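Computed from a prediction, not measured in an experiment: that's the story for all the values here. Keep in mind that the numbers below use all heavy atoms, side chains included, and drop hydrogens, waters and symmetry copies.
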Amino acid sequence: MNHEYIITIVLVGLLGSALGSFLNVVIYRLPRGESLAFPGSRCPLCGVPIRYRDNIPVLSYIVLGGRCRACRAPISKIYPLIEILTACMAVILFMLNDSWLNFTADLMLGLILLAVFFIDLRHMIIPDRLNIAGGVLAFVLSFRWGTYGILRGAAGAGVGLVFLGIMMLLGKVFFKRQGIGMGDMKLAAVIGLFVGPFWCFITFTHAVIIGGLWGTFQIISGKIKTGQEVPFGPFIALGGYSVLFFRHQILFIVDRYLAML
């Protein structure tokens, strides 16, 4: 591993942490319908604007001892956690991809999924502004493959909508309730635009499996009741990450399976 590659990895990690800092703003403000640009970052308790030196990803949290400089209120550990997660995600995706454009597309999807995970987990919504921004980004990035990229994205969006549409129908038939929200449906189209039909199908297959296993365990342990609503967005995010990080392993398993037919 040469010095230039190591320097690039470090810079990618720093970029990831900076994007994580912005993602914290998105996760906090978007479900509340607030502007992402104005006003600037400020303590949610005392309202004092956060200085630039106190807004350095992870480092500022450590220097401040996890407390606001003005009112000494504790700062949520979620903020540095997200910054660390995005830094690690950026580095891993960079190492897995063979081009800057593919890396950019995967990173953008990874950021959207992380926002979905925390927003839906806390508020049980997936904001339209997040889905719209994701759809626009996915459409623009699809041009890196020309006409094929556009058709691939459109087919992927179709697969995502059909998959969740079937889940919504099954929920109404067997459980007498919708189960799948419109935010989930829009997110399915966005993911399909990013990854295409095959990987979109894999994403939601994994999401259903993970969600089913988690729900079964929670019901058995008595933590939730049968029929209780739980957000599906976090499971979609985990399904998406399984594709982003384990594409080669999934393809290997599929190839081995097909070889046995």
Side-chain angles (χ1 to χ4, degrees), residues 26-27 30-31 101-102 104-121 123-215 227 229-247 250-251 254:
V26 172
I27 292 169
L30 212 56
L101 280 175
N102 289 341
T104 301
D106 280 1
L107 181 59
M108 291 301 102
L109 176 57
L111 292 171
I112 290 167
L113 292 177
L114 196 60
V116 165
F117 185 95
F118 284 101
I119 291 175
D120 202 23
L121 189 65
H123 302 279
M124 293 192 70
I125 59 169
I126 302 176
D128 282 342
R129 284 197 289 171
L130 184 62
N131 279 324
I132 291 171
V136 171
L137 277 171
F139 180 72
V140 171
L141 287 165
S142 70
F143 279 93
R144 70 189 186 279
W145 288 322
T147 303
Y148 165 76
I150 298 171
L151 295 176
R152 171 181 176 270
V159 167
L161 290 171
V162 169
F163 195 110
L164 284 199
I166 292 173
M167 285 188 62
M168 182 183 292
L169 180 61
L170 291 175
K172 289 181 178 179
V173 171
F174 291 104
F175 303 106
K176 308 303 180 185
R177 59 190 179 87
Q178 185 167 305
I180 300 297
M182 290 309 299
D184 298 322
M185 293 288 289
K186 295 168 187 174
L187 178 63
V190 171
I191 292 174
L193 285 170
F194 268 106
V195 301
F198 175 75
W199 292 116
C200 185
F201 177 79
I202 296 296
T203 293
F204 285 96
T205 299
H206 286 181
V208 170
I209 293 171
I210 296 169
L213 291 173
W214 180 88
E229 289 191 7
V230 295
F232 189 48
F235 302 115
I236 297 176
L238 293 175
Y241 285 127
S242 73
V243 166
L244 289 177
F245 295 133
F246 301 108
R247 275 196 186 102
I250 293 170
L251 284 177
V254 171

Report task. Just jot down the side chain to side chain donor-acceptor pair (under 3.5 Å) partners of Ser242, sequence neighbours excluded, or say none. Result -> His206
Query - Partner set under ring-ring contact (aromatic ring centres under 6.0 Å, His included) for Phe118, not counting sequence neighbours - result: none
Report summary line: Residue set satisfying side chain to side chain donor-acceptor pair (under 3.5 Å) with Asp128, at least two apart, ordered chain then number -> Lys186
Query raised in the report: Considering residues at least two apart in sequence or located in another chain, which fulfil the side chain to side chain donor-acceptor pair (under 3.5 Å) criterion with Asp106?
Result: Asn97, Arg247
Report summary line: Applying side chain to side chain contact (heavy atoms under 4.5 Å, CB included) to Phe139 and not counting sequence neighbours gives Ser142, Phe143, Ile150
Requested in this report: With sequence neighbours left out, write down each residue that passes ring-ring contact (aromatic ring centres under 6.0 Å, His included) with Phe246, or none if nothing qualifies.
Outcome: none
Report, one line per pair, each donor and acceptor closer than 3.5 Å where one atom sits in a side chain of residues 155-162; sequence neighbours left out.
none

Query raised in the report: Sequence neighbours excluded, which residues qualify as side chain to side chain donor-acceptor pair (under 3.5 Å) partners of Arg129?
Result: none
Report summary line: Residues passing the ring-ring contact (aromatic ring centres under 6.0 Å, His included) test with Trp145, sequence neighbours excluded, are none
Query raised in the report: Can you list the residues that meet the side chain to side chain contact (heavy atoms under 4.5 Å, CB included) rule with Val254, with sequence neighbours excluded?
Result: Phe198, Ile250, Leu258
Report task. For Phe163, check ring-ring contact (aromatic ring centres under 6.0 Å, His included) against everything at least two apart and list the hits. Result -> Phe201, Phe204
Requested in this report: With sequence neighbours left out, write down each residue that passes side chain to side chain contact (heavy atoms under 4.5 Å, CB included) with Pro31, or none if nothing qualifies.
Outcome: Ile119, His123, Ile125
